[in-house]
Amino acid sequence: MKFAKAYEPGEYEAEVYGAWEAAGVFLPKKQEMVSLGQFPSEHAEGEDLAQYSSEPAPGRLGQVFMAPQSIGPKPVARQRAFSIVMPPPNANGNLHIGHGLTIAIQDTLVRYHRLLGEPTWYIPGADHAGFETWVVYERVLEKQKQTRFMFTREELYARVWDFVQEQRGGMELQVRALGASCSWRDLTFTLDENVVRRVYATFEKMWKDGLIYRGEKLVNYCTKHQTAFADIEVVHRDEEGTLWSVAYPLLDGTGEIVVSTTRPETMFGDVAVAVNPADERYKEMIGRRLKLPLTERDIPVIADEHAEIEYGTGAVKITPAHDYDDFEVGERHDLPRLTVIGFDGKMLPAAGEYAGMESLDCRKKVLKDLAVAGLLRGEKKISHVVAHCYKCDTVVEPLLKDQWFIDVEKLAARAIEHLERGEIKFYPESKGRVLVNYLKNLHDWNISRQIPWGIAIPMFRRVDTEGADGRPEWIFDNRTHLSEIEIGGVRYKRDEDTFDTWFSSGHWPIVCTNWEEGLENPFYPLNVMETGADILFAWVARMIMIGLYVTDEVPFREVYLHGLVLDEKGQKMSKSKGNVINPMELVGKYGSDAFRLGILRGRSAGMNQAFAENSVISGRNLCNKLWNIARLVQGMVDAEVAENGYSVSELTTGAERAYETNRMGEDWICRELEGCRVELMKMLEEYRLAEAVELLHATIWDKYADWFVESQKLAPNIPLLTHTLAVILTMLHPFAPFVTETIWQNLSWTEGLLISQQWPLKLIYDEISAEKFERLMDVVSETRGTLQRLPGGKKWALLYGDDSLVAENSELVKFLTRVPEVVSVEGQPRGLRLALANNELYLDVPEKVVLEYKESLEERILAVGRELDALNLRMMNPRYVERAPAELVRETRNAIAEKEALIEGLKRELKVI
RNA sequence: GGAUCUUUAGCUCAGCUGGCUAGAGCGUACGAUUCACAUUCGUAAGGUCGCUGGUUCGAGCCCAGCAAGAUCCACCA
């Protein structure tokens with residue numbers, strides 16, 4: 001006996017994964033592709049698909065990219081292949097529960113498609129996680145009492161590189177532990193040479209197409225991290241604030257205007273006061289000049305719709321350099337931009353005597369000084385939205401900065417066009433519309449980041465002279481390893497900034513599949529992009545825009561978005577709440593399969609759903625159940641071999657019909673398995689994985705184990721048992737790869753690796769025979785239920801009258817019900833009649849016990865009577881008979897007849913007593 | 001301010017294009033025990049499907065309105 005008493009995942013998982021990897025089954029096989037007509041014949045047989053991986057060596061982190069050489073003539077047509085990319089986990093981090101979910105979903109899909117015989121390519125990734133890693137590294141520097149300003153950009157980059165290398169590896173082991181059947185040879189790191197090359201190519205194209213511009217615009221700036229952020233990286237929160245009223249006197253001393261502001265410290269950057277043109281109160285003030293308090297400057301009163309009559313005093317100070325609205329007002333009125341807060345969050349010389357102060361300290365002093373000058377006219381608590389850094393929660397300051405922007409108008413329009421044409425199918429469907437809505441309101445994309453850890457922006461500025469028009473002259477050059485270059489005797493200095501990581505991540509499907517212009521690539525577009533719904537805008541939107549821009553095709557045909565994994569109370573997981581669930585802990589405790597089954601259960605597309613250890617326990621139990629089924633079947637096989645000398649090869653499972661169905665339950669289980677097989681395929685196509693897990697659980701446990709295997713104990717049908725077990729193992733394999741493979745390796749009659757077997761073929765069965773077993777199941781269930789309800793708890797014999805089904809299967813009924821005897825009763829029936837319409841069955845109990853049971857019987861009659869009433873009511877409605885489908889009406893009639901017969905029988909029983 | 005989603009058993013969720021007595025896992029109660037599995041077996045209890053209308057022979061499902069909760073987007077001084 002090779003099977004231990006219980007399945008201990010820890011004893012097999014690493015070994016099984018190693019066997020898969022060693023066998024090379026995760027790689028997309030070239031052989032398959034040749035047969036599909038994808039590759040020219042001059043390539044040697046057996047050679048794998050190296051040209052579709054950018055790099056032959058495993059783990060190519062940081063290695064030099066080797067461009068694919070000639071791939072040969074274009075193949076005729078794209079064949080069915082299955083490709084999917086892993087959203088790259090942080091290279092130097094640990095997997096969190098969200099990764100666990102992603103991998104469970106993706107790997108299940110990949111394994112299913114592999115079993116279907118499609119060439120599959122699951123491409124793993126590792127993310128340099130620009131800002132995330134940078135924040136971690138800055139903390140390391142801090143501990144060493146150093147700051148970023150002590151090093152050059154190159155030094156910092158090199159140091160972080162080494163830091164990442166040291167920390168690296170854990171994540172990849174964790175991905176393996178989850179069973180991801182990804183092609184490790186093709187691991188793509190977001191700073192790989194081919195990624196950088198592709199990103200530069202796109203940037204150059206955009207530069208030439210005029211989509212890139214450098215502009216001094218307001219950017220979201222974190223003064224702690226000293227970098228700008230894209231809009232989506234900023235967290236907006238409702239907060240309590242104060243709205244102050246400050247009087248600005250007219251220059252000629254004839255009056256004043258009281259303005260409302262939440263940020264008095266920015267007043268040194270005021271360049272105007274705006275009032276609404278329709279505001280009667282201020283009509284004659286427009287065009288006059290105001291003295292800016294605490295300064296020597298004076299500013300005009302302008303008319304602009306931006307000033308709302310109802311809000312505050314109706315007059316608003318205009319500070320174009322520190323407020324988005326004011327920036328636009330400034331543009332409209334051609335006002336200067338006066339910056340008074342620096343990138344370090346301190347006041348600049350423009351603030352006069354306040355220069356050098358922290359902006360918040362400055363606010364306090366300004367308020368005090370205004371009060372002293374008698375210009376502070378009141379304050380009011382308000383609730384307003386404040387922007388924060390998503391990492392350190394510092395209030396994000398809108399600051400003027402020269403940055404690279406992408407003009408997104410055309411990119412977004414094109415994405416919308418393809419989305420509206422329905423070229424990408426979304427799960428859940430609503431997210432497609434949400435995305436279009438987002439793209440319609442997209443602002444230009446700031447792609448500059450002041451973080452050394454990232455891909456350098458390949459732009460160089462002429463240093464010795466300015467351009468002809470006196471403005472800085474920028475050129476594109478991809479030699480970013482140099483901080484300065486010389487072209488034709490002119491020196492250019494590299495921009496110090498790096499790309500927003502989403503700009504490079506937006507290329508993910510392109511770089512992972514090694515898409516190249518003019519070459520047919522069976523793996524691009526991806527079949528499906530599976531990722532978190534929270535990065536629909538940040539990532540999915542960018543991949544679509546960039547994919548279309550670079551390849552003229554949408555980068556994937558379907559998008560499956562999973563929601564957040566919440567804790568068991570439905571709360572968001574967070575370190576501060578201490579409710580974070582570590583997937584690796586669960587894998588260690590219950591096994592990888594149990595984790596996968598557990599995390600998939602109760603989860604549907606796009607929804608934030610709770611997750612509890614219970615579901616993992618349920619998964620663990622299923623694995624153990626399956627293990628024990630296999631243990632039993634193998635035992636039966638061993639006994640058969642010993643007794644009848646079967647050779648194991650006679651028990652192979654490959655043929656469509658390697659079995660005969662003779663006895664009760666055999667056709668039935670084939671029917672149930674066939675139904676499960678077909679339904680599973682449908683569910684997997686529609687990404688209904690949670691339902692698929694439930695279906696498998698019910699089929700394996702409630703049907704296969706509880707009824708079929710149980711029945712088989714009386715007289716095992718070995719070819720059928722081995723065949724059906726193989727079918728079950730194959731169907732469960734995508735979800736629970738380790739236990740199914742381990743069993744496959746332990747069974748004496750199986751060959752090869754389960755991972756590379758074929759998805760089961762149609763099962764053949766006889767419908768009438770299957771139906772019959774179902775009726776026998778009713779008999780068994782009713783007998784068990786009645787025995788349970790009978791007082792005394794004693795076991796009674798089962799008597800049958802004119803009942804061929806029970807007569808022919810009396811041994812099986814006896815075995816399944818555990819009654820001491822199943823015997824025919826001649827003549828006058830006795831005992832308690834079972835509540836079955838189609839069978840005449842009695843439990844041989846004394847009259848005394850029947851009497852005690854009488855109440856329960858009456859209740860039963862009433863219950864059936866209520867059901868009968870409901871059915872009759874329906875039939876009494878002439879419009880039902882008239883309009884409902886005939887089939888349905890017929891079924892209702894049958895049901896009525898059956899219930900009437902049942903009640904009749906039960907009533908007769910009562911009278912007997 | 002805009003948008004999306006959710007509301008079904010004690011808990012977490014299914015319920016596909018409207019069709020018979022609304023399901024599962026976990027939990028609960030009762031019973032079983034050396035027969036593959038106590039990570040087990042059997043049985044049972046538990047639901048006016050958020051509320052109000054409408055469409056329909058028929059509504060958990062479709063439509064309208066309301067209520068509660070969640071999430072995302074947004075520059076209101």
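Naming: A, B, ... by sequence-line order, numbering from 1 per chain.
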(Q) Does a side-chain N or O of Asn621(A) approach OP1 or OP2 of U40(B) to a distance below 4.0 Å, or not? (A) yes

(Q) Students often get this wrong, so: under 4.0 angstrom with heavy atoms, is Arg866(A) touching a base, only sugar-phosphate, or nothing? (A) nothing

Q. Given A77(B), C72(B), C13(B), which nucleotide is nearest the side-chain atoms of Lys572(A)?
A. C72(B)

Q) Starting at OH of Tyr311(A) and ending at P of G1(B), how long is that distance when rounded to a whole Å? A) 13 Å

(Q) Going by ring-ring contact (aromatic ring centres under 6.0 Å, His included), name the residues that satisfy it together with Tyr427(A), two or more places apart in sequence or in a different chain. (A) Tyr687(A)

**Q.** Minimum-distance nucleotide to Arg789(A) side chain [options: C16(B), U71(B), A44(B)]
**A.** A44(B)

(Q) Using a 4.0 Å heavy-atom cut-off, does Asn614(A) contact any base of the nucleic acid, only the sugar-phosphate backbone, or nothing at all? (A) sugar-phosphate

Q.
Protein within reach of the bases, or only the backbone? For nucleotides 17-22 of chain B, mark each nucleotide 5' to 3' as B, S or -, using heavy atoms under 4.0 Å.
A. --BBB-

Q: Give the nucleotide from the list A77(B), C73(B), U39(B) with an atom nearest to the side chain of Glu308(A).
A: A77(B)

(Q) If the cut-off is 4.0 Å, is Lys713(A) near the phosphate of A36(B), judged by side-chain N/O to OP1 or OP2? (A) yes

Q. Nearest-Å distance, NZ (Lys431(A)) to C1' (A3(B))?
A. 10 Å

Q.
Between Asp593(A) (side chain only) and Phe738(A) (backbone N and O only), is there a donor and an acceptor less than 3.5 Å apart?
A. yes

Q. So what does Ala863(A) hit on the nucleic acid, given a heavy-atom distance under 4.0 Å: a base, only sugar-phosphate, or nothing?
A. nothing

Q: For Thr319(A), report the nucleic acid contact type (base, sugar-phosphate, nothing); a contact means any heavy atom under 4.0 Å.
A: nothing

Q | Sugar-phosphate, base or nothing in reach of Arg784(A), heavy atoms under 4.0 Å | A | sugar-phosphate

Q. For Ala612(A), which contact category applies under a 4.0 Å heavy-atom criterion: base, sugar-phosphate, or nothing?
A. nothing

Q.
Counting the atoms with a prime plus P, OP1 and OP2 as sugar-phosphate, which does Trp701(A) contact under 4.0 Å by heavy atoms, base, sugar-phosphate, or nothing?
A. sugar-phosphate

**Q.** Arg337(A)/Glu331(A) ion pair, N-O < 4.0 Å
**A.** yes

Q: Using a 4.0 Å heavy-atom cut-off across all strands, classify Phe537(A) as base, sugar-phosphate, or nothing.
A: sugar-phosphate

Q: Whole angstrom is fine here: how far is it from NE2 in His236(A) over to C1' in C72(B)?
A: 12 Å

Q) When we call it a touch if two heavy atoms are under 4.0 Å apart, what does Asp326(A) touch: a base, just sugar-phosphate, or nothing? A) nothing

Q: Evaluate the side-chain proximity of Val633(A) to Thr724(A): yes if any heavy-atom separation is below 4.5 Å, no if none is.
A: no

Q: Just say parallel, tilted or perpendicular for the rings of His697(A) and Trp701(A), cut-offs at 30° and 60°.
A: parallel

(Q) Rounding to an integer number of Å, can you tell me how far Lys569(A) NZ sits from C13(B) P? (A) 15 Å

Q. What does Thr261(A) touch in the nucleic acid at a heavy-atom separation under 4.0 angstrom: a base, only the sugar-phosphate, or nothing?
A. sugar-phosphate

(Q) Under 3.5 Å for both donor-acceptor distances, Watson-Crick or wobble: does A64(B) have a partner, and if so which one? (A) U52(B)

Q.
I need the CG-C1' distance between Leu834(A) and U43(B), as an integer number of Å.
A. 15 Å

Q) Side chains of Glu672(A) and Thr699(A): do they bring a donor and an acceptor to under 3.5 Å? A) no

Q: Can you tell me the pairing partner of A3(B) across any strand shown, Watson-Crick or G-U wobble, with both distances under 3.5 angstrom?
A: U71(B)

**Q.** Nucleotide forming a Watson-Crick or wobble pair with G42(B), both distances under 3.5 Å
**A.** C30(B)

Q: Find the distance Leu101(A):CG to C13(B):C1' and express it as a whole number of Å.
A: 15 Å

Q) What is the nucleic acid contact for Glu8(A), judged by heavy atoms within less than 4.0 Å: base, sugar-phosphate only, or nothing? A) base

Q. Do Gln788(A) and G42(B) share a donor-acceptor pair, side chain to base, under 3.5 Å?
A. yes

(Q) Any base atoms under 4.0 Å from Asp706(A), or only sugar-phosphate, or nothing? Heavy atoms, all strands. (A) sugar-phosphate

Q) Which part of the nucleic acid, if any, lies within reach of Met683(A) when heavy atoms closer than 4.0 Å are counted: base, sugar-phosphate only, or nothing? A) nothing

Q. Can you find an N or O donor on one side and an acceptor on the other, under 3.5 Å apart, linking the side chain of Glu710(A) with the base of A36(B)?
A. yes

Q. Does Lys317(A) get its side chain close enough to the base of A77(B), under 3.5 Å, for a donor-acceptor pair?
A. no

Q | Aromatic plane relationship, Trp627(A) with Tyr12(A) - under 30° parallel, 30 to 60° tilted, over 60° perpendicular | A | tilted

Q.
At 4.0 Å (heavy atoms only), tell me whether His306(A) reaches a base, stays on the sugar-phosphate, or touches nothing.
A. base

Q: Compare all side-chain heavy atoms of Lys713(A) with those of Leu632(A) and state whether any distance is below 4.5 angstrom.
A: yes

Q.
For Gln609(A), is there any backbone N or O sitting under 3.5 Å from a side-chain donor or acceptor partner on Arg603(A)?
A. yes

